[in-house]
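Written below as structure tokens is the structure these notes are about.
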There are 2 protein chains.
Amino acid sequence: MEERLPRDKDPDSEARGRLLAAATDLFARKGYAATAVREIVAAAGVSPPVLYYHFGNKEGLFLELMREAWGDFESTVDAALGETGSARDRLLRLASQVVDLFRAHVGVARVMNSIYYGPPQGAPAFDFDSCHTKFRQAILGLVQEGVSGGEFRPGQVGDMAWAIIGAINIAMEIELCHPELSLGPEGLLRVLHLIFRGIEAPRVGPEEEAL
Amino acid sequence: MEERLPRDKDPDSEARGRLLAAATDLFARKGYAATAVREIVAAAGVSPPVLYYHFGNKEGLFLELMREAWGDFESTVDAALGETGSARDRLLRLASQVVDLFRAHVGVARVMNSIYYGPPQGAPAFDFDSCHTKFRQAILGLVQEGVSGGEFRPGQVGDMAWAIIGAINIAMEIELCHPELSLGPEGLLRVLHLIFRGIEAPRVGPEEEAL
DNA sequence: GTCTATACAATGATAGAC
DNA sequence: GTCTATCATTGTATAGAC
């Protein structure tokens with residue numbers, strides 16, 4: 001047979017990278033269990049043993065994918081926490097950066113999301129929980145700062161954090177299932193702004209009272 | 001009396017019910033693709049042909065599961081929409097009832113959620129989108145009423161709806177991945193209340209101004 | 001309606017040549 | 001590092017008896 005494959009003498013890193021990219025795409029489009037090793041290697045243009053050489057097995061490939069994505073996420077949160085400004089501004093910035101990262105890696109984000117909130121799909125255990133907790137603690141800390149500094153109402157730190165996380169999650173979920181409705185970076189800020197300010201119309205009376 | 005047709009889906013069949021329950025549990029714990037027909041029938045205490053007799057195949061069983069869950073959800077939304085009261089109260093009631101339903105059927109909810117936001121996992125196509133859209137439209141309609149009636153601020157109907165949906169989704173997601181942190185029925189109401197009222201501390205100046 | 005037994009395709013993974 | 005060829009296992013689904 002004629003040999004005209006463009007992958008004749010590929011450096012090792014190239015096949016590895018193509019496998020990671022192909023797996024991300026397939027896991028995101030079909031799911032972990034529903035994706036066969038054969039499909040991954042075919043999409044990457046390599047033979048089965050190449051996958052086992054680089055990652056040990058299907059689970060190893062999956063874990064490597066999750067590790068890289070989690071590293072990106074962790075860096076983003078750490079960077080956002082290092083910045084300065086009012087609690088409100090830092091919350092807005094953290095939210096924007098997290099959703100931007102999500103938007104830039106929807107594929108792997110869909111996989112992580114689906115396995116964290118849903119069934120494991122046969123995928124090996126990964127500590128998604130520490131990702132989630134780190135993010136939750138970051139938001140919680142910023143809200144606490146806002147309350148301590150008098151920016152936010154006192155006494156409902158936990159509920160405030162959930163409201164904000166809810167807005168961030170919704171922005172990401174829209175990207176997953178209705179990208180045509182995407183809030184975009186400004187939309188997320190608008191929703192958060194609204195949560196800070198409140199939905200209800202201002203009272204007409206002389207002063208606002210607690211309910 | 002006329003005999004039942006060979007492929008009739010008998011709702012009174014004991015085996016049928018056990019298959020549905022077993023499948024819900026396994027799909028929720030492992031995922032659709034990762035669950036073998038052999039496991040389902042073993043958990044239901046029947047032999048493989050019983051599944052094929054009642055549901056045609058694995059996909060048919062899955063679709064039946066989704067149809068029943070979607071019916072429950074639709075009824076809940078319709079019932080909540082038929083009630084009376086202020087937009088605010090009706091929103092709170094709809095939110096509570098939807099999250100209560102979710103809590104009462106976490107298993108099937110986890111499966112639906114995971115497939116809607118994530119990869120299909122090899123499961124057959126189901127119109128989750130119309131479920132989601134119906135719910136979104138219900139919230140949107142109630143918010144619109146609130147704005148028309150002067151209860152809510154004008155001009156941000158869409159963003160308001162997302163903020164509220166975000167809170168409802170977060171309440172459900174906590175049930176999925178951190179049930180020990182569950183907001184409970186009161187917690188959801190607290191978060192929604194907060195969103196209505198706003199997170200920021202009231203201004204000390206004479207009057208609130210738009211930003 | 002339910003069983004036992006089985007057909008047969010697809011799966012994850014490996015041996016051994018180069 | 002990568003290939004071709006193949007293994008053992010597990011998957012969905014069915015035939016035919018009762």
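So that the names make sense, note that chain A is the first sequence line, chain B the second, and so on, each numbered from 1.
- Between A:R190 and A:E186 there is no salt bridge, since no side-chain N of the basic residue sits under 4.0 Å from a carboxylate O of the acidic one.
- Qualifying side chain to side chain contact (heavy atoms under 4.5 Å, CB included) partners for B:A109, counting only residues two or more places apart in sequence or in other chains: B:F102.
- For B:K58, taking side-chain heavy atoms from C-beta onward, the closest of the listed nucleotides C:dA5, D:dT12, C:dA13 is D:dT12.
- Atom CG in B:L51 sits roughly 14 Å away from atom P in D:dG11 (whole-Å rounding).
- The side chain of A:Y52 contributes an N or O atom lying less than 4.0 Å from OP1 or OP2 of C:dA13.
- Each of B:P48 and A:Y32 has a nearest nucleotide on DNA chain C; the 5'-most of these lies closest to B:P48.
- Atom OH in A:Y53 sits about 16 Å away from atom P in C:dA15, given to the nearest Å.
- Not a single ring pair (Phe, Tyr, Trp, His ring centres under 6.0 Å) links A:Y117 to another residue, sequence neighbours left out.
- By the ring pair (Phe, Tyr, Trp, His ring centres under 6.0 Å) test, A:F27 pairs with A:Y32, sequence neighbours left out.
- Residues from residues 35-47 of chain B with heavy atoms under 4.0 angstrom of DNA chain D, sorted by number: B:T35, B:A36, B:V37, B:R38.
- Annotation: side chain to side chain contact (heavy atoms under 4.5 Å, CB included) contacts of A:T133 (sequence neighbours excluded): A:D129, A:R136, A:Q137, B:H178.
- Separating the CD atom of B:E59 from the C1' atom of D:dA13 is a distance of 12 Å, rounded to the nearest angstrom.
- Remark: C1' of C:dG12 and NE2 of A:H54 are 18 Å apart, rounded to the nearest angstrom.
- In this entry the distance linking CG of A:L61 with P of C:dA13 reads 11 Å, nearest Å.
- Residues passing the ring pair (Phe, Tyr, Trp, His ring centres under 6.0 Å) test with A:Y52, sequence neighbours excluded: none.
- The distance from atom CG of A:L19 to atom P of D:dG1 is 13 Å, rounded to the nearest whole Å.
- Residue B:P49 places its side chain closer to D:dT14 than to any other of C:dT2, C:dA15, D:dT14.
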